[in-house]
2 protein chains.
Amino acid sequence: MPHKHHTQDIETRIASLLKRSDLSVTESRRKILHLFLEQPGALAHGDIEKKAGEKFDRVTVYRTLQAFVEKGIIHTIPTADNSIRYALCKDDCAGGHHHDHHIHFVCDSCGNTYCLDDVVTPEIKLPKGYTAAHVEVVVEGVCKNCKG
Amino acid sequence: MPHKHHTQDIETRIASLLKRSDLSVTESRRKILHLFLEQPGALAHGDIEKKAGEKFDRVTVYRTLQAFVEKGIIHTIPTADNSIRYALCKDDCAGGHHHDHHIHFVCDSCGNTYCLDDVVTPEIKLPKGYTAAHVEVVVEGVCKNCKG
DNA sequence: ATGCAAAAAGCAACATAGTTGCAAAATATT
DNA sequence: AATATTTTGCAACTATGTTGCTTTTTGCAT
C-alpha cells in the first residue's frame, strides 16, 4: 500500500476543497459538492434540486452554484436547450486558474454530459478581423457507457 | 444588368421562403423573418419580443420560432447563459438539409452572435468508445466590427 | 467550551420565461 | 365567395430565476 490519500474520506476532501476556496463549509455546500463528486457527469440546476430532495430551498441551490462557479470549483457548459449544466473542474483546474481547454460531450442515449478532460479544444482559424478569446466545443453523440 | 433576382423585393423573398417550407404566410411569420433578414446576427426570443414591439403575443413568437426551427429556416446556437439564440440558416442550408458545419462567434464587445459560415467545424478526436454525431463550436472574442 | 461577528440559509414576494387549451381571426382552397 | 384549415391571441398555469430581509449557522477569539 504505497499511498493512501486517494482513500481519503470524501467528507474531508469536500471540506478542504471548500476551505481552499474561501468558502465556509455548510451543509448545503457539502451536500451539493457531494452530488458532483459521486457521479461523473454534469448537473443542471434542476437535477440538483431533485437529487437534494426537499433538503434545500431553491434559492440556496442557486446561490451555492453561483458561489462554486465564482470560486472555480465548477464550470458551466453551454447547451442549446436553455438549461445550463455545471461540472466539476478537475484537480488541476480547481486549483484556482481555470484551464477550460477541454471539450464537452453530450450523450444522446443517456442524456449525460461529460467533460472530456483529455481532449483539447482545437485551434480555430477565424476570418480576418476576428479575435478569439475562448473556444467552446460541445460534441453530441454516444458515450462509451451507452455504445453497443 | 445580367441578373436582378438579388434586387428581388424582400417581401417576395420572405413569402417564397415560407411557401417553400410549407408554412402559410402570416403577418407574424413575415415580420419575424424580416427581423432576421434585416440584420446579420442571431436573435434570442427576448430580442424578437422587443423588436416586434407590442405587435405579437409572446406565445406567437414561441410558436413561430419553433416552426422556423422545425422547417430549417433558422437554427439554434448554444449559449452558457440560458438564452437560446436563433440564426438564419444560409441559402444552401435553408434548402431543406441542414449543413450545420459552421461555427458560431459571440462578440464580447457588441454582444452579437454571428454564424461564420465559412469556418468549418474541425474534426475532434474522441477517446475510445465515444462516437460523435454532431460537433458544435462557439468562439467568443471580438468581432470585425468592434476591433480597433 | 462560550459568546460574538460575519456569513449563509430560508422565507416570502416578486419577476421573467415557457406551456397548454380553447375561442376568434386570418389564411388557403375550391 | 364560402368553407375547411391553420394560426393567432387570450387566459390560466407551471417553471425558472431574483431580491430583501429575518433567522440560523459558521468561524473565530476569547
Side-chain angles (χ1 to χ4, degrees), chain A residues 11-12 14-36 42-71 73-74 76-86 111 113, chain B residues 11-12 14-36 42-71 73-74 76-86 111 113:
Chain A
E11 287 302 328
T12 311
I14 286 173
S16 70
L17 183 51
L18 287 172
K19 289 212 182 97
R20 195 166 46 201
S21 307
D22 287 310
L23 291 173
S24 40
V25 345
T26 67
E27 204 200 329
S28 24
R29 287 177 182 161
R30 276 192 290 110
K31 192 97 174 214
I32 290 174
L33 207 37
H34 211 115
L35 290 178
F36 279 105
L43 297 171
H45 174 92
D47 299 328
I48 294 166
E49 263 192 76
K50 275 173 216 112
K51 293 209 185 196
E54 304 299 305
K55 208 75 188 60
F56 310 115
D57 195 81
R58 288 174 343 102
V59 180
T60 300
V61 178
Y62 280 112
R63 292 199 268 228
T64 303
L65 290 174
Q66 194 181 298
F68 285 1
V69 170
E70 275 165 15
K71 296 298 185 179
I73 296 174
I74 59 178
T76 57
I77 303 171
T79 64
D81 70 335
N82 261 9
S83 71
I84 300 180
R85 310 235 156 177
Y86 301 88
T113 300
Chain B
E11 287 302 327
T12 312
I14 286 173
S16 72
L17 183 51
L18 287 173
K19 288 210 182 99
R20 193 166 48 201
S21 306
D22 286 310
L23 291 173
S24 41
V25 344
T26 67
E27 204 200 328
S28 25
R29 287 177 182 161
R30 277 192 290 109
K31 190 96 173 216
I32 290 175
L33 205 39
H34 211 117
L35 290 178
F36 279 106
L43 297 171
H45 174 92
D47 298 327
I48 292 165
E49 263 193 74
K50 275 172 215 113
K51 292 209 187 198
E54 304 299 306
K55 208 73 188 59
F56 311 114
D57 195 80
R58 287 171 347 98
V59 180
T60 300
V61 177
Y62 281 113
R63 293 199 268 226
T64 303
L65 290 174
Q66 194 181 299
F68 284 1
V69 169
E70 276 163 14
K71 296 299 184 177
I73 297 175
I74 58 177
T76 57
I77 303 172
T79 63
D81 72 334
N82 260 9
S83 71
I84 301 180
R85 309 235 158 179
Y86 301 88
T113 300

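In what follows, chains carry the letters A, B, and so on, assigned in the order in which the sequence lines appear, proteins first and then strands, with residues in each chain numbered from 1.
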Side chain of B:D57 only, heavy atoms from C-beta on: which candidate in C:dA17, D:dC10, C:dA9 is closest? D:dC10

To the nearest angstrom, how far is B:Q66 atom CD from C:dG18 atom C1'? 11 Å

From NZ of B:K55 across to C1' of D:dG9 the rounded distance in Å is 12 Å

Taking for B:S83 and for A:T60 the nucleotide of DNA chain C with the nearest heavy atom, the one nearer the 5' end belongs to A:T60

Please report, rounded to the nearest Å, how far the P atom of D:dT8 is from the CG atom of B:L65. 11 Å

Expressed as a whole number of angstroms, how long is the span from B:E27:CD to D:dT6:C1'? 16 Å

Can you tell me if the side-chain N/O atoms of A:N82 get under 4.0 Å from OP1 or OP2 in C:dA17? no

Which is it for B:L65 and B:I84 under the side chain to side chain contact (heavy atoms under 4.5 Å, CB included) test, yes or no, and what are the steps along the way? CA-CA 11 Å; B:L65 290 174; B:I84 301 180; over 6 Å; no

Below 4.0 Å: OP1/OP2 of D:dT7 and any side-chain N or O of B:T26: no

Between P on C:dA6 and CG on A:L23, what's the gap in Å once rounded to a whole number? 18 Å

Between C1' on C:dT27 and CG on B:D22, what's the gap in Å once rounded to a whole number? 15 Å

Do A:F56 and A:I48 come within less than 4.5 Å of each other through their side chains, counting heavy atoms only? no

Rounding to an integer number of Å, can you tell me how far A:Y62 OH sits from C:dA17 C1'? 11 Å

Please answer whether the main-chain N or O of A:V25 pairs with a side-chain N or O of A:R30 as donor and acceptor at a distance below 3.5 Å. no

Quick check on D:dT8: is either OP1 or OP2 less than 4.0 Å from any side-chain nitrogen or oxygen of B:S28? yes

Using a 4.5 Å cut-off on heavy atoms from C-beta on, say whether the side chain of A:L18 contacts that of A:F68. yes

Between D:dT7 and B:S24, is there an OP1 or OP2 to side-chain N/O distance shorter than 4.0 Å? yes

Take atom CD1 of B:I32 and atom C1' of D:dG9, then tell me their distance rounded to the nearest Å. 13 Å

Looking only at side-chain atoms of B:R63, point me to the closest of D:dT6, D:dG17, D:dG9. D:dG9

Apply side chain to side chain contact (heavy atoms under 4.5 Å, CB included) to the pair A:D57 and A:Y62, showing each step before the final yes or no. CA-CA 9 Å; A:D57 195 81; A:Y62 280 112; over 6 Å; no

Does B:R58 put a side-chain nitrogen or oxygen below 4.0 Å from OP1 or OP2 of C:dG18? no

